[in-house]
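A short worksheet on the structure shown next.
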Protein chains: 2
Amino acid sequence: MLTFTEENYIKALLKLTEEVGVEAVGTNELAAHLGVKPATVTDMLKRLKEKQLVSYEKYGKVSLSVSGRSLAIDVLRKHRLWETFLCRCLGFPWHQVHEIAEQLEHIQSNELMDRLDAFLGFPQIDPHGDLIPSKDGVFQVKPKRTLSMLAATQSAVLIGVGDNSAAFLQYVDAVGLQLGSEILVKRIQPYDALIEIEINGKTSQVSQKFADQIFVDTPPQRDEISDVGLDVEGDL
Amino acid sequence: MLTFTEENYIKALLKLTEEVGVEAVGTNELAAHLGVKPATVTDMLKRLKEKQLVSYEKYGKVSLSVSGRSLAIDVLRKHRLWETFLCRCLGFPWHQVHEIAEQLEHIQSNELMDRLDAFLGFPQIDPHGDLIPSKDGVFQVKPKRTLSMLAATQSAVLIGVGDNSAAFLQYVDAVGLQLGSEILVKRIQPYDALIEIEINGKTSQVSQKFADQIFVDTPPQRDEISDVGLDVEGDL
DNA sequence: TTTTAATGTTAGATGAATCTAACTTAATTA
DNA sequence: TAATTAAGTTAGATTCATCTAACATTAAAA
Ligand SMILES: [Mn+2]
Ligand SMILES: [Mn+2]
Ligand SMILES: [Mn+2]
Ligand SMILES: [Mn+2]
């Protein structure tokens, strides 16, 4: 049985490695992410290593062990299921759910999560468009296309965000965006790289920094369609 | 902001005083109820007094302060609202919800509880028949009539239980009882005081100890009705 | 290659929550 | 009233999670 704090450390490790696509992280980075001092992290890493949740040698980088990863994924699953409940059932706006889910994710009861999962109809994605790990711990981050990668005249659909902070999410709301919104890139200012976008007829200017955190799905292009066609043939 | 542990101490104090109808309790009793040693309680009482949550002098009995009581009631409210959610929405049997609610009651978010309350339709009683304190902290325990107070041939309706342990509740299930069940006292054994009851045509023998924990409502008697009649006249 | 900067660790301290063992006070009983 | 028992407190220790300040190692720059 892990403590709250231990759960938070391994969850942070999961975020800082797999969601970024990096093998291992350093003490300072972990400390910054958790809002504690590096010395505190060093101490905790010794305990986590003792419990075989991480692989770590002093002055080296840290990464999750197999069992540590699996426990971290379970915490993430709980977090995202609770967020889904808070939005869908209780009507919370998406910018408020993260903070409350930070507490709820530590409730210990497998049966509770199984029942909540069923109650919600086994949701696949959470209110921020993030994948909910399955019960058997399958979890994989697929590379994401961002709004900042689009060229002028292209359009795309909002499928997720890279920043779950209330400040960012409320900014997204203000621009008129929500999951599923269609975004048209009207043009990109050559001078300051501001992106002019249109959502439901409303035009806005957004920064590159903002656009980096907006994950989009682009409608299938002509040559992508033929690729899919080939794959299907191969499956027969 | 109280810690988990502090919340558990004041909740225990609320139970041990108001639910029993007693002014104050001793260190040993509190310790036994919380599953810790008396020395630990003494320490904690000093901290709770520091925070003005209890009135306490050493070698004396403890009781909640006004603000301590109000915080304790809020914890109890959360506990019972969560229990209601677990039963009504997630389909948990009543004997499993207490343990999970012991964790959920410490989640900090007033808005969460307001929304959950609304989602559940502002329930008045929890799955064990206990009153859910209202949002503004109104909470009063009304004296309860127990099955053990009934005489032979009397019948009554199950409205609550005095013991929330899984063991007891599963026993209640086994006897065929649930909230709202009608119970007929067939006779009381003169020799060992066992009570013979009938529920939905099924007969069982239960002990006095068991019957003490079964709260019932008796259908209005003839003379009680006339009493009510007099009261109503006085109100006009 | 030496110096410097960045990164990470140790030692020692603190506060919360718990324990055991020894002591003190209050209540009961003889 | 004096002795005994029950109830409660203190002192000292432990574990977890955190800090600061001082020290050590590794990486980058000069
Ligand atoms: Mn979140
Ligand atoms: Mn999320
Ligand atoms: Mn309960
Ligand atoms: Mn209850």
Side-chain angles (χ1 to χ4, degrees), chain A residues 1-13 15-17 20 22-64 68 71-72 75 102-103 105-108, chain B residues 1-13 15-17 20 22-64 68 71-72 75 102-103 105-108:
Chain A
M1 194 99 309
L2 304 188
T3 65
F4 265 48
T5 315
E6 288 169 335
E7 287 192 339
N8 283 333
Y9 274 77
I10 61 174
K11 193 180 55 141
L13 278 168
K15 289 225 155 168
L16 262 25
T17 55
V20 185
V22 122
E23 269 306 307
V25 290
T27 311
N28 282 359
E29 194 181 349
L30 240 188
H33 188 260
L34 289 163
V36 299
K37 301 293 164 179
T40 308
V41 170
T42 300
D43 258 22
M44 177 58 91
L45 289 181
K46 289 178 193 162
R47 268 176 275 157
L48 293 178
K49 189 190 176 179
E50 197 65 33
K51 295 194 175 186
Q52 320 221 311
L53 297 168
V54 299
S55 60
Y56 163 67
E57 296 304 329
K58 78 175 187 178
Y59 292 110
K61 304 268 177 181
V62 204
S63 61
L64 287 168
L71 289 167
V75 177
E102 285 293 313
Q103 298 178 63
E105 71 191 3
H106 302 292
I107 302 291
Q108 311 276 189
Chain B
M1 194 102 308
L2 303 189
T3 67
F4 263 50
T5 313
E6 288 168 336
E7 288 193 338
N8 283 333
Y9 274 76
I10 60 172
K11 193 179 55 141
L13 278 168
K15 290 225 154 170
L16 262 26
T17 54
V20 186
V22 121
E23 269 306 307
V25 290
T27 312
N28 283 359
E29 194 182 349
L30 238 187
H33 188 260
L34 288 163
V36 299
K37 302 291 164 182
T40 309
V41 171
T42 301
D43 257 24
M44 178 57 92
L45 290 181
K46 288 177 192 161
R47 267 174 275 155
L48 292 178
K49 189 189 175 180
E50 197 65 33
K51 295 193 175 187
Q52 320 220 314
L53 298 168
V54 298
S55 59
Y56 164 67
E57 296 304 330
K58 80 174 185 175
Y59 292 110
K61 305 268 178 182
V62 205
S63 61
L64 286 168
L71 289 167
V75 177
E102 284 294 313
Q103 297 179 61
E105 72 191 3
H106 302 292
I107 302 291
Q108 310 277 182

Inset, instruction - Quick one: list whatever passes side chain to side chain donor-acceptor pair (under 3.5 Å) with B/K51, sequence neighbours left out. - result: B/E6

Inset, instruction - List in chain and number order the residues that pass side chain to side chain donor-acceptor pair (under 3.5 Å) with B/S63, two or more places apart in sequence or in another chain; answer none if no residue qualifies. - result: B/S55

Legend entry - Base-contact (B) and sugar-phosphate-only (S) positions in nucleotides 5-16 of chain C, heavy-atom cut-off under 4.0 Å, - elsewhere: --SSBB-----S

Inset, instruction - Find the distance B/L34:CG to C/dA17:P and express it as a whole number of Å. - result: 12 Å

Inset, instruction - Scan A/F4 against the nucleic acid and name what it touches under 4.0 Å (heavy atoms): base, sugar-phosphate only, or nothing. - result: nothing

Inset, instruction - Mind calculating the distance between CD1 (B/I10) and P (C/dA17) to the nearest angstrom? - result: 12 Å

Legend entry - For A/V25 against A/L30, the heavy-atom pair lying closest together: CG2-CG, 4.4 Å

Inset, instruction - Round to a whole Å and report the spacing from CG of A/N8 to P of D/dC16. - result: 17 Å

Legend entry - Residues that B/N8 engages under side chain to side chain donor-acceptor pair (under 3.5 Å), provided they are two or more places apart: B/H106

Legend entry - Separation of atom NZ in A/K37 from atom P in D/dA21, rounded to whole Å: 10 Å

Legend entry - Results of side chain to side chain donor-acceptor pair (under 3.5 Å) for B/E57 - residues two or more places apart only: B/K49

Inset, instruction - Could you tell me which residues satisfy side-chain contact (heavy atoms from CB on, under 4.5 Å) with A/Q108, sequence neighbours excluded, listed by chain and number? - result: A/M1, A/E7, A/K78, B/Q103

